[in-house]
Trainee: 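One structure is given below, represented as structure tokens, and several questions about it will come after.
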Amino acid sequence: MVLYFTSNVVQPQATIYMGKDKFENEDLIKHGWPEDVWFHVDKLSSAHVYLRLEPGTAWDNIPKALLDDLAQLCKANSIEGNKKDNLTIIYTPWANLLKRGDMATGQVSFKNPQMVRRVLVVQRENAIVNRLNKTKREEHPDLYQQRQERDRDEKRSKKNELAKKQNEQKAAATKKKNSEQEYSDIFKVGSKPSKPVTEDIFGDGAEDGSDDEMDGRLADDLSDFI
């Protein structure tokens with residue numbers, strides 16, 4: 001059985017969940033999601049509390065109000081910790097949890113201790129705990145099946161995103177090709193070179209006999225001086 005809570009201090013509302021006992025904690029450790037963040041009272045026994053982030057949300061940038069909700073819930077679900085003040089709560093991404101075969105039931109360590117953050121709880125805040133408890137619901141989910149469905153959805157989403165990107169690239173390439181073709185066509189219209197027009201200064205190229213007439217007139221003019 002898994003206990004679910006809803007925090008309304010952020011929008012969209014955040015889903016928080018935890019196992020009822022250490023045996024269920026084993027299943028939560030095994031079938032967690034990459035979007036999950038694990039919370040626990042430092043150095044004391046407590047419930048394993050998980051926050052399920054929205055995809056793409058940074059685990060180390062959780063709003064303070066939401067951190068307070070999670071920390072208070074951890075403290076309230078620790079037999080020893082609930083009686084103490086100035087309690088430290090540790091949290092890390094689910095993917096950073098390390099579970100070895102020689103560990104006790106419900107016990108975990110960390111792959112990278114530097115990815116563990118801490119938040120201080122000065123004292124129990126009944127208003128926060130009571131608000132969260134009013135949203136509590138018990139469910140018996142198939143954690144393995146839920147994780148499989150989540151992975152299939154992610155794979156499908158990535159496939160669709162890749163197809164969209166490829167279509168956009170193809171459309172851009174086609175548009176570029178058409179633009180280049182239109183630019184090229186501008187220079188093809190009337191591109192046959194015309195015969196250059198030159199002035200026949202000496203009249204050598206005339207075909208109408210005008211040079212002969214010129215010679216005749218020149219001879220007549222010269223005769224006037226003879």
Side-chain angles (χ1 to χ4, degrees), residues 1-7 9 13-54 57 59-60 62 66-151:
M1 180 177 64
V2 179
L3 303 177
Y4 289 91
F5 303 82
T6 300
S7 173
V9 297
Q13 295 181 343
T15 297
I16 302 170
Y17 67 96
M18 65 184 184
K20 187 176 181 180
D21 54 40
K22 62 182 181 179
F23 299 103
E24 290 180 343
N25 286 337
E26 286 293 308
D27 289 334
L28 297 181
I29 295 168
K30 185 177 180 180
H31 302 299
W33 291 19
E35 294 82 12
D36 290 344
V37 183
W38 174 90
F39 289 76
H40 197 274
V41 175
D42 191 21
K43 299 176 182 179
L44 293 176
S45 175
S46 78
H48 291 215
V49 178
Y50 290 85
L51 167 66
R52 180 149 294 167
L53 293 172
E54 292 293 319
T57 304
W59 73 272
D60 55 354
I62 300 171
L66 183 54
L67 275 178
D68 289 343
D69 276 9
L70 289 150
Q72 286 291 334
L73 197 58
C74 270
K75 175 179 171 58
N77 286 277
S78 171
I79 296 175
E80 186 177 354
N82 192 40
K83 304 172 185 177
K84 294 184 176 182
D85 292 337
N86 298 313
L87 200 65
T88 298
I89 307 298
I90 57 176
Y91 64 101
T92 194
W94 166 82
N96 192 43
L97 297 180
L98 175 63
K99 180 67 180 182
R100 297 192 303 267
D102 60 344
M103 289 180 171
T105 301
Q107 183 182 8
V108 295
S109 185
F110 310 110
K111 298 174 184 176
N112 182 1
Q114 294 182 349
M115 290 183 65
V116 178
R117 301 288 186 271
R118 290 169 172 78
V119 58
L120 177 67
V121 178
V122 177
Q123 62 184 14
R124 176 181 169 120
E125 297 287 346
N126 288 324
I128 294 178
V129 176
N130 292 339
R131 169 170 52 80
L132 291 172
N133 280 333
K134 288 179 180 179
T135 70
K136 182 171 67 175
R137 65 186 189 277
E138 299 179 359
E139 296 185 10
H140 298 79
D142 186 332
L143 297 173
Y144 170 79
Q145 185 62 32
Q146 285 185 346
R147 176 58 194 267
Q148 292 299 306
E149 291 176 357
R150 180 256 172 217
D151 290 347

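Since the structure is predicted, the reported quantities are computational estimates derived from the model, not experimental observations. All residue numbers in this chain count up from 1 along the given sequence. As a basis for the values below, the full set of heavy atoms in this structure was taken, side chains included, without hydrogen atoms, waters or symmetry mates.
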Trainee: One pair to check against salt bridge (Lys or Arg N to Asp or Glu O under 4.0 Å): K99 and E26. What are the steps and the verdict?
Mentor: CA-CA 9 Å; K99 180 67 180 182; E26 286 293 308; 2.9 Å; yes
Trainee: Output yes when a side-chain donor or acceptor of K111 lies under 3.5 Å from a complementary backbone atom of A95, and no otherwise.
Mentor: yes
Trainee: For the atom pair CG (L67) and CD (Q72), what is the distance rounded to the nearest 0.5 Å?
Mentor: 12.0 Å
Trainee: Start with the C-alpha distance between E35 and R150, add both sets of side-chain angles, then the distance that settles salt bridge (Lys or Arg N to Asp or Glu O under 4.0 Å), and finish with yes or no.
Mentor: CA-CA 11 Å; E35 294 82 12; R150 180 256 172 217; 2.7 Å; yes
Trainee: Step by step, would you call Y50 with F39 a side chain to side chain contact (heavy atoms under 4.5 Å, CB included)?
Mentor: CA-CA 6 Å; Y50 290 85; F39 289 76; over 6 Å; no
Trainee: H40 vs W38 aromatic rings, parallel, tilted or perpendicular, using cut-offs 30° and 60°?
Mentor: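 The rings of H40 and W38 lie parallel, inter-plane angle below 30°.
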Trainee: Using a 4.5 Å cut-off on heavy atoms from C-beta on, say whether the side chain of R137 contacts that of T6.
Mentor: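 Contact flag for T6/R137 side chains = yes.
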Trainee: Compare all side-chain heavy atoms of Y4 with those of I16 and state whether any distance is below 4.5 angstrom.
Mentor: no
Trainee: Nearest heavy-atom pair of L87 and G81: which atoms, and what distance?
Mentor: CD2-O, 3.5 Å
Trainee: Which pair of non-hydrogen atoms, one from L28 and one from M18, has the smallest distance, and what is that distance?
Mentor: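 Heavy-atom minimum between the residues: CD1-C, 3.8 Å.
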Trainee: Pick from V119, L70, D42: which one makes a side-chain contact (heavy atoms from CB on, under 4.5 Å) with I89?
Mentor: V119
Trainee: Using a cut-off of 6.0 Å, state whether more than 12 heavy atoms not belonging to I79 lie near its atom CD1.
Mentor: no
Trainee: Answer yes or no: is there a donor N or O on one side and an acceptor on the other, between the side chain of S46 and the main chain of V41, under 3.5 Å?
Mentor: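 Checking the backbone N and O of V41 against the side chain of S46, a donor-acceptor pair under 3.5 Å is found.
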Trainee: In terms of side-chain heavy atoms, does N126 have a donor or acceptor partner in R124 at a distance below 3.5 Å?
Mentor: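 R124 and N126 do have a side-chain donor-acceptor pair below 3.5 Å.
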Trainee: Find the distance between CG (D27) and NE2 (H48) and round it off to the nearest 0.5 Å.
Mentor: 12.5 Å
Trainee: Of all the heavy-atom pairs spanning M103 and Q107, show the shortest one and how long it is.
Mentor: SD-O, 3.6 Å
Trainee: Does either side chain, that of D69 or that of S7, offer a donor lying less than 3.5 Å from an acceptor on the other one?
Mentor: yes
Trainee: Start with the C-alpha gap between V108 and L98, add the side-chain angles, then the distance that decides, and say whether side chain to side chain contact (heavy atoms under 4.5 Å, CB included) holds.
Mentor: CA-CA 6 Å; V108 295; L98 175 63; over 6 Å; no
Trainee: Is the closest side-chain heavy-atom distance between F110 and M115 below 4.5 Å?
Mentor: no
Trainee: Is the closest side-chain donor-acceptor distance between D36 and Y17 under 3.5 Å?
Mentor: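 Short answer, yes.
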Trainee: With sequence neighbours excluded, what pairs up with N86 under the side chain to side chain donor-acceptor pair (under 3.5 Å) test?
Mentor: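 Not a single residue meets the side chain to side chain donor-acceptor pair (under 3.5 Å) criterion with N86.
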Trainee: Under a 3.5 Å threshold, yes or no: a donor from one side chain and an acceptor from the other, between T92 and N96?
Mentor: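 Side-chain D/A pair, T92 to N96: present.
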Trainee: Rounded to the nearest 0.5 Å, how far apart are CD1 of I128 and CG of N133?
Mentor: 12.0 Å
Trainee: Identify which one of R147, H140, Q145, Q146 satisfies the side-chain contact (heavy atoms from CB on, under 4.5 Å) criterion when paired with L143.
Mentor: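 The passing option is Q146.
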Trainee: I need the minimum non-hydrogen distance between N77 and L73, along with the two atoms involved.
Mentor: ND2-O, 2.8 Å
Trainee: Of all heavy-atom pairs between Y91 and R118, which one has the smallest distance, and what is that distance?
Mentor: CE2-N, 4.1 Å
Trainee: Hey, could you give me the CD1/CG distance between I62 and L53, rounded to the nearest 0.5 Å?
Mentor: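 Going from CD1 on I62 over to CG on L53, the span is 5.5 Å.
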Trainee: Can you check salt bridge (Lys or Arg N to Asp or Glu O under 4.0 Å) on E138 and K136, steps first, answer last?
Mentor: CA-CA 7 Å; E138 299 179 359; K136 182 171 67 175; 5.7 Å; no
Trainee: Around E139, counting heavy atoms of other residues, nucleotides and ligands shown, do more than 12 lie under 6.0 Å from its CD?
Mentor: yes
Trainee: So which heavy atom on S45 is nearest to which on S78, and how close?
Mentor: O-OG, 2.7 Å
